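Notes follow once the structure below has been shown.
Note on naming: letters A, B, ... go to the chains in the order of the sequence lines (proteins, then strands), and numbering restarts at 1 for each one. Bear in mind that the values here come from a model prediction, so they are computed numbers and not experimental data.
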Amino acid sequence: MSPLSDLEQQRLAKAERIRQRGIDPYPPRVKRTHTTQEAIVAFEKAGEDDELTVSVVGRLMSVRTMGRSTFAHIADGSGRLQIYLRQDDLGQETYEFFDRDFDLGDFIGVTGTLFRTRTGEITVRVQNFEMLAKSLHPLPEKWHGLKDVETRYRHRYADLIANEDVRQVFITRTRIVSALRRFLDSRGFLEVETPILQPIYGGAAARPFVTYHNQLHQNLFLRISFELYLKRLIVGGYERVYEIGRDFRNEGVSYKHNPEFTQLEFYWAYADYNDLMDLTEEMIATVAQEVLGTTRITYQGHEIELAPPWRRIPLRQAILEETGIDYEAYPDAESLLQAIRNYGGAAEPKATRGKLIDPTLTNYVEAKLIQPTFLYDYPVEVSPLAKKKPDDPTHVERFEFFIGGLEMGNAFTELNDPVDQEQRFLEQRQAYAAGDEEAHPMDEDFLLALRYGMPPTAGWGMGVDRLTMLLTDQSSIRDVILFPHLRSKD
RNA sequence: GAGCCGCUAACUCAAUGGUAGAGUAUCUGCCUUUUAAGCAGAAAGCUACAGGUUCGAAUCCUGUGCGGCUCACCA
């Protein structure tokens, strides 16, 4: 800890003076009859003439002292309430105790009667008060709030104290997660939990974090997806399962990437990717309606309508429309690479054909997909866990969906042919050997599970943080994650 | 990983080579219905850190740290 500032020294001295009065500045219990909002509601119900006495608690957010009377605002979890202290109510000694030893940021409990001030604000006329917790560090500035983004992220509590809009964003986030759960629960999906520490990672194309178990002398990976475990549960006989939890990917940080992020995945036996598109539209529209009361939202200045139906176009067509490149016209990686370069794009020279197509989508198409859009039918090379189209073995029954220029999620008809799956893993192994660090590793136990037999199944995944960005109109993922990853300061 | 921008009092910001300032918060007075309360006064800084140039550096140069944006990376 750095040495205490003068302001902190002053507050510490006040805490000591309080102790010398025989008062604990951090008492263990408190009397509370109403939240601040309950007090306001009770007053409005009771009628102005009733003597309504309440005990309310909260953090001192502002103090206006005018000689022998003082107005202040306290904030609790429900909102704010004004309190009013008068020397002729409290006595000189007690009044001066407040004036001298209470600071902005302190938690205070007050008991008094409610009244309405001359300017109309419902206010507690304080009969007695007590210190609930002394604050030693000064609050951010009351008018401009806390703006420094680094401080806001590193000391999120200060951000939440100072910036009500930030507090609201995270309340909305919680409501979004609740609405997602309600949606799936009401359709018979079973919420489950699967391992975060995994001996083999998989289910996505990403580099993992590695950790070590001391007793087992074993390397473990933090999961990059839930996919392979959830499909094992479908093998086991559950027909509808989902999980909401944290994924970890060892890759760059950006406005839409945090190393740990919240994912929702569900698996649905006897359904296919067409059913998933229908359910996706319904889910997102339902969540928006429940959380925001509308399906029409504004994201970064764009008006977006989330109600079904959404646009559905093949990936091939989307790339063709945006770039003029029909990747089907280029049967090998060399010719496709040349086409991308002719368009003015940069691409990895040694990439496979599939690995050329995917960045083309990301770089040139994704940002244009403002209204909700499904892009469907992806190249098989970049989709090792998805089922091939019956009439076209070079493509799989897979879609990604985009809103506000953000990739929100990914889904497909699951590959349940264990022989085909093994073949795909072997191809991924070759890709890894050729330098693709994100190639999917072989998972023998997963193959064994498929050999037991998995019914036709559709699987789906979505970034909950990105959905929250969309529904709270935040441009950075750090503003929807309470404690986003930052580099350590020494 | 690269480029650009930023880091000044607890907070929000000024000061572009010549004595580091303001508002809020704090402290001291005055003030019993205020609400960004008001009035008067005071205190508060290793200008992120380390070097360099200069008679003189918050300011110019180099390096380091952290952050933001853009790019790269990234289902």
Atom P, compared across B:U59 and B:U47: separation rounded to whole Å: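 Their P atoms lie roughly 10 Å apart.
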So, does [X] get its side chain near the phosphate of [N], meaning an N or O under 4.0 Å from OP1 or OP2?
{"X": "A:R478", "N": "B:G68", "value": "yes"}
{"X": "A:R118", "N": "B:U34", "value": "yes"}
{"X": "A:R68", "N": "B:C31", "value": "yes"}
{"X": "A:R487", "N": "B:G65", "value": "no"}
{"X": "A:R64", "N": "B:G38", "value": "no"}
{"X": "A:K14", "N": "B:C27", "value": "yes"}

Sugar-phosphate only, base, or nothing, as touched by A:S254 at under 4.0 Å among non-hydrogen atoms: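 Nothing: the residue A:S254, judged by heavy atoms under 4.0 Å, touches no strand.
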Touch class at under 4.0 angstrom, heavy-atom based, for A:K355 against every strand present: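 No contact at all - A:K355 keeps every heavy atom at 4.0 Å or more from the nucleic acid.
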Of the listed nucleotides B:U24, B:A10, B:A75, the one nearest the side chain of A:A205: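 Looking only at side-chain atoms, A:A205 lies closest to B:A75.
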Side chain A:S69 and base B:U33 donor-acceptor under 3.5 Å: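 Under the 3.5 Å cut-off, the side chain and the base do not form any donor-acceptor pair.
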Under-3.5 Å donor-acceptor pair between A:R249 side chain and B:A75 base: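 Looking at the base of B:A75, it does not pair with any donor or acceptor on the side chain of A:R249 (distance under 3.5 Å).
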Test item: A:Y84 and A:V110 side chains (from C-beta on) under 4.5 Å apart, heavy atoms: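 Contact flag for A:Y84/A:V110 side chains = no.
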Nucleotide forming a Watson-Crick or wobble pair with B:G65, both distances under 3.5 Å: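 Paired with B:G65, as far as the under-3.5 Å criterion goes, is B:C7.
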First of A:G145 and A:T362 reached from the 5' end of RNA chain B, by closest nucleotide: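 Checking each residue's closest nucleotide, the 5'-ward one belongs to A:G145.
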Centroid separation A:Y378 to A:F412 less than 6.0 Å: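 Ring centres of A:F412 and A:Y378 not closer than 6.0 Å.
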Ring centers of A:F43, A:F115 separated by less than 6.0 Å: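 Between A:F43 and A:F115, the centre distance exceeds or equals 6.0 Å.
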